[in-house]
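See below for the structure under consideration.
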Amino acid sequence: MNFRVLAGMPTSETEMVLSARFDELSTADLVASRGSTATLIEAAGEFPELDVVLIHQDLGPAPVFDAIRDLSHRHPQLAVLLVSTTMDSDTFTAAMEAGARGVMPADSGIAELETRVAKAAEWSRTLRRHLESASLDLPVTGVRGRVVTLSGAKGGVGTTTCAVQLAMAAAAKDRVVCLVDLDLQTGDLPAFLNLRHRRSISDLVEAGEDITPGMLSETLYVDPRGPHVLLAPEHGERGEDVTARAARRVLTALRSRYELVLVDCGSTMNEATAMAVEMADRSVVTVTPDVPSTRGAQRLSALWERLQIRAQDDVFTLVTRHSRKNEIQPDFLRRLLGTQVLRTPIPASYRGLEPGENNGDPTKVTDEGLRKAFSRVASELELLDAPEGTSPGAGKGAVPTPPGGSRAPSGPMPSTRDVSGFLNASAGAGSQGNGRGPGPHGAGGSGG
């Protein structure tokens with residue numbers, strides 16, 4: 001990718017001369033030009049992946065060295081070059097003290113312009129890679145987040161329903177949550193959340209080895225009801241692109257940014273879901289109280305143990321569609337499966353789920369029994385607790401808004417303000433985070 005340059009030129013004539021020179025360059029692009037220090041500083045935050053800022057010595061109205069100092073403080077990864085008409089020692093000294101990376105003559109030729117911009121841009125990109133690498137090691141709280149996977153014993157046992165409701169329950173308790181759809185062929189979170197978003201996990205796979213915060217910002221959907229969402233590919237055949245290595249890379253990047261990463265693995269196992277289960281802090285299998293589902297759960301947990309992905313006694317089982325009238329009860333499943341069956345089952349309240357799933361809005365599930373059950377399951381799995389090592393109150397409400405961001409709206413709805421420093425997650429229902437609003441009301445089934 002060509003180096004991206006922003007310029008601040010005092011007159012239309014100097015702007016035209018500079019634009020003509022950049023037209024001759026094959027390694028750099030002039031993305032925009034501004035005619036004042038104020039608009040230049042503002043524009044520096046508008047263009048992603050910017051490398052170099054050229055600022056003319058005669059640019060006003062604010063003193064140019066104050067503008068350089070301001071740019072350096074706000075965007076330390078940007079290389080600022082002063083374009084000067086007076087190449088003397090005082091100018092060099094003042095520019096360096098203000099934070100510029102260099103000074104170049106206003107009448108520089110094309111060859112000198114290309115060399116100066118290339119060196120400054122390479123410095124900028126190196127620094128940005130170091131900053132992003134450091135920021136991906138640990139989240140803002142200084143503690144790595146938890147990864148929890150949910151897998152279905154077979155199709156239709158409510159895996160996606162549980163994943164969505166548990167994510168909502170955790171977000172309501174001020175946990176910073178990312179919900180990942182790793183059901184790569186048949187994932188249907190858009191119907192459950194009534195959302196429309198053109199990005200998916202495939203975009204992160206195409207990004208290569210380094211997943212930057214900017215890439216995550218472009219790919220994740222910010223749900224105003226709480227969690228951020230990473231979707232499965234729109235076309236199922238694209239799921240083959242998500243290898244085990246890609247899944248590990250994506251989940252590692254998310255774990256470093258979120259307190260909780262909930263992964264819907266669907267009911268089929270592939271190398272991506274196997275990797276997710278292996279690296280998860282908690283792995284849950286959802287099962288309905290019937291023989292086909294029970295046999296599916298046995299096969300899945302036995303397969304994980306044979307492949308040395310996860311031991312059976314390290315698997316949690318969540319019983320859905322529970323009723324006291326069922327022949328198979330949780331206590332029997334506990335003895336039969338050899339896994340840790342969660343104490344709280346999800347009751348068989350089909351009508352209670354309908355308002356939420358038919359409207360694509362989990363908050364419309366008003367059945368008190370269902371709401372309490374999901375909340376208790378979230379508590380059993382420790383989804384409502386901050387990661388170990390986090391100080392009390394270190395959730396969303398305790399972290400200041402990142403520069404350029406905005407504070408979350410007040411009210412009963414859980415905050416979506418991002419504490420990770422790379423998403424403007426405070427958008428209301430009208431803007432829907434990245435500018436993609438919800439689609440027409442989708443109908444979600446009661447299965448998973």
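- The two residues Val277 and Ser151 come nearest to each other via the heavy atoms CG2-OG, 4.2 Å.
- Taking the charged nitrogens against the carboxylate oxygens, Lys154 and Asp290 have no contact shorter than 4.0 Å, which rules out a salt bridge.
- No side-chain donor-acceptor contact under 3.5 Å links Thr339 and Ser301.
- With values rounded to the nearest 0.5 angstrom, Glu271 atom CD is found 10.0 Å from Met269 atom CE.
- Residues Thr27 and Glu114 bring a donor and an acceptor atom of their side chains to less than 3.5 Å of each other.
- None of Asp188, Asp183, Thr186, Asp264 except one satisfies the side chain to side chain donor-acceptor pair (under 3.5 Å) rule with Thr160; the exception is Asp264.
- Gln185 and Thr268 share no side-chain donor-acceptor pair at under 3.5 Å.
- Judged as a side-chain contact (heavy atoms from CB on, under 4.5 Å), and not counting sequence neighbours, the contacts of Ala280 are Val147, Thr149, Arg310.
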Handout entry: Worked verdict on Leu254 versus Leu216 for side-chain contact (heavy atoms from CB on, under 4.5 Å)
Key = CA-CA 8 Å; Leu254 293 174; Leu216 290 175; 4.1 Å; yes
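- Pro289 and Thr320 make their closest contact through CD-O, 3.1 Å (heavy atoms, listed as atom of the first residue, atom of the second, distance).
- For Leu318 against Cys162, the heavy-atom pair with the smallest separation is CD2-SG, 3.8 Å.
- Looking at residues two or more places apart in sequence or on another chain, you find no salt bridge (charged side-chain N to carboxylate O under 4.0 Å, His left out) involving Arg299.
- Contacts of Thr39 classified as side-chain contact (heavy atoms from CB on, under 4.5 Å), with partners at least two apart in sequence or in another chain: Arg34, Ser36.
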